[in-house]
Protein chains: 2
Amino acid sequence: MNNPGPRNSPRTRRPTLYDVATQAGVSPSLVSLFLKDPGRISKKRRDAVQQAISELGYRPSRAATTLASSRTKSIGLVIDDYRNLWFVDLLRGMESVLSDLGYQVMLADSRPGENRIKEATDGLLAMHVDALVLAAEPSEAMLSGTWVPTVVAGWRNGIPEGADLITNDDDNGGSMAANHLLELGHVRIGHLSGSDGASAHRRAGFLRAVETAGVDPVVSTSAGTSEEDGYAAAVWLLDHHPDTTAVFAANDTMALGAFAALKARGLSVPDDVSVIGYDNSPLAKSRYLDLTSIDNRSDLVGVDAAHRLLARIEDPALLPERKLIEPALVLRGTTSIR
Amino acid sequence: MNNPGPRNSPRTRRPTLYDVATQAGVSPSLVSLFLKDPGRISKKRRDAVQQAISELGYRPSRAATTLASSRTKSIGLVIDDYRNLWFVDLLRGMESVLSDLGYQVMLADSRPGENRIKEATDGLLAMHVDALVLAAEPSEAMLSGTWVPTVVAGWRNGIPEGADLITNDDDNGGSMAANHLLELGHVRIGHLSGSDGASAHRRAGFLRAVETAGVDPVVSTSAGTSEEDGYAAAVWLLDHHPDTTAVFAANDTMALGAFAALKARGLSVPDDVSVIGYDNSPLAKSRYLDLTSIDNRSDLVGVDAAHRLLARIEDPALLPERKLIEPALVLRGTTSIR
DNA sequence: ACGACATTTTGTAGCGCTACAATTTTGCGC
DNA sequence: GCGCAAAATTGTAGCGCTACAAAATGTCGT
């Protein structure tokens, strides 16, 4: 058999647009046109080109397209850690508006502990992403020469000049968490706080609400925001304030750490101690954990970020904008009346 | 006349290698050489180029590099769902060998529920990744014309022709889980199984071990592999076999579902029922959940996959290889003597 | 100071694609 | 069947970079 398909030729070079043009008996320009908008060429040629493409197994070279058109139709998303699942909602939110427009979202994580944020960003920029979403704490080094529309999502410190900012109202969220616990009748409330920017805002909101209610706040701040950090902070809290009846963790992962500390002391949730987390991550949604949490509506942040970037791609002269997304309390099974 | 030079203009086009060359007073070729191997040019020029680069904020265009060299120094990784954290170990394993060699790993997920595996793969291929790791169930559509070295990790069905296969010995892992429970004295063992390829192997291994021990196996298979699926399967199991004293879940997420079902019935882990998961995901490692699990050593799979791909990039004629990685039991707090 | 090398630097020619102007084909009224 | 506008198609000139051969410069022994 004389199969011209790619299946049998083991190491031929990847077919190009010219191969397709030759095969279809048209000019390369026509093929290019087909790729861009098939509706604009005659049915006869359209079919011929389509057939040549599938016969050859042709895929356009993004590199060449990028180089020639200087538009990649792709958006970079820099996150801090794949294990912090809050980015998933952000990503889906972005995709929900970008996919239909033919944009692709590219992910890069900062390799936690190695501070590779700059590398991640550079990698994305080197690929000519049309715009950038920074969902990780921006560092000094990246402030300079970004050249593309950028929105920072979820962080509020060290914003690169000229970047948009769409973030969660963590202050308000902190207050919400505190008020929820206060309304349930708790007065011995401990807060497990982390060290990043978001934590600081959540803490501030918590303190404001608690003090407004005339209750003495207890805050245990740790170095990071991981489960271990949450555990350590909770251990400290329970050691120094054994009468605590409610715990507000700066994120769901830390709440898990609190669970561990409580379990180790034989305290049950929510009967002995109520626990509320933050992020409404898949963890919190888990049927087993069933963790009351604050949803920061990252999906909305994603949607907004996408719209914002599209606008800036259209008109780069747009002035940077700052916007807060209101969080929402998600009631589940880990908080109860005192 | 001559162009004004990008030095002071604030909103100019992105600087190119030519701008750097002009600024540094050398030829473009030299700058290219600098980028490739700074050690090969004289110190004088090296410094000049380096300075020009930082003055201009220059970043090489990956698209141009790709086009000109046809090597992107990047590897694509296709995963099924960002929320299934097992890919993180795989990724880190790959990075541990690839990063030092200057390779970058690019991630794409298949958007669970939308079966976008082909799209994810195509996107990566369009970016000219030098090689591909498929950590998601390969589909028919992608079998044709891949053109780059490919290794499938963690799946064993529908392998594209010519692809390497590095996967976990799920059969053996299933047996390990069963034997662990048998050794603890359990004889009423239920298995919560999923519908994908890996689940099938784990189930087979489980059945083999249990039957060898002369114990009657009970398997509850559900449509997917999510926590809800685990919950449903566990509910069925407890309804039909209330005397069950041990549960082997096909993955950690499903184990979480089992926890939920057990909690709903007031059964405690491990006092009433032992639970063992699979994947040794961050979930299992969690201090709170402390889930005994089978570690499929995805990090090793990642390391092997990376080595394999590098070899195939060097010599594309290499014959496809199939390799199994042995899993390991990780003892934690959710299994105990009957 | 002079060849005979080794080392450093440069010019030339694409990589695969798109933009856009130029050209050819088609459709249509009369 | 003719003229002319609209639609369809093609040619030309890069996009920013690298490979590689050619040229320039440097180093050394005698």
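Chain identifiers are assigned alphabetically (A, B, ...) following the order of the sequence lines, protein sequences preceding nucleic acid strands; residue numbering begins at 1 within each chain.
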query: Do you see a donor-acceptor pair shorter than 3.5 Å between the side chains of A:T72 and A:D130?
result: yes
task: Output all residues satisfying salt bridge (charged side-chain N to carboxylate O under 4.0 Å, His left out) with A:R297, sequence neighbours left out; order by chain, then residue number.
output: A:D299
task: Using atom CG of A:D37 as one end and atom C1' of D:dA8 as the other, report the distance to the nearest whole Å.
output: 13 Å
message: Test of understanding: with side-chain hydrogen bond (donor to acceptor under 3.5 Å, both in side chains), list the residues that count as partners of A:D122, not counting sequence neighbours.
response: A:K118, B:R59
task: Would you indicate, yes or no, if D:dT9 has its OP1 or OP2 atom less than 4.0 angstrom from a side-chain nitrogen or oxygen of A:R45?
output: yes
field: Contact boundaries on DNA chain C for chain A, cut-off under 4.0 Å to non-hydrogen atoms
entry: C:dG16 to C:dA19
query: Who passes ring pair (Phe, Tyr, Trp, His ring centres under 6.0 Å) against A:F34, sequence neighbours left out?
result: none
- request: Apply side-chain hydrogen bond (donor to acceptor under 3.5 Å, both in side chains) to B:S298 and list each qualifying residue two or more places apart in sequence or on a separate chain.
  value: B:N296
task: Using the test side-chain hydrogen bond (donor to acceptor under 3.5 Å, both in side chains), find all partners of A:T66 that sit at least two apart in sequence or belong to another chain.
output: none
- prompt: Taking only residues two or more places apart in sequence or in another chain, which ones pass side-chain hydrogen bond (donor to acceptor under 3.5 Å, both in side chains) with B:S61?
  reply: A:H128
Residue-level proximity of residues 17-30 of chain A to DNA chain C when a heavy atom falls under 4.0 Å: A:L17, A:Y18, A:S29
- request: Apply salt bridge (charged side-chain N to carboxylate O under 4.0 Å, His left out) to A:K44 and list each qualifying residue two or more places apart in sequence or on a separate chain.
  value: none
Atom pairs, protein N/O to nucleotides 26-28 of chain D N/O, distance under 3.5 Å:
none

statement: When A:S61 and A:K44 are each assigned the nearest nucleotide of DNA chain C, the 5'-most assignment goes to A:S61
message: So, using salt bridge (charged side-chain N to carboxylate O under 4.0 Å, His left out) as the criterion, who are the partners of A:D89 when residues are at least two apart?
response: A:K285
message: If the condition is salt bridge (charged side-chain N to carboxylate O under 4.0 Å, His left out), which residues does A:R312 pass it with, not counting sequence neighbours?
response: A:D164
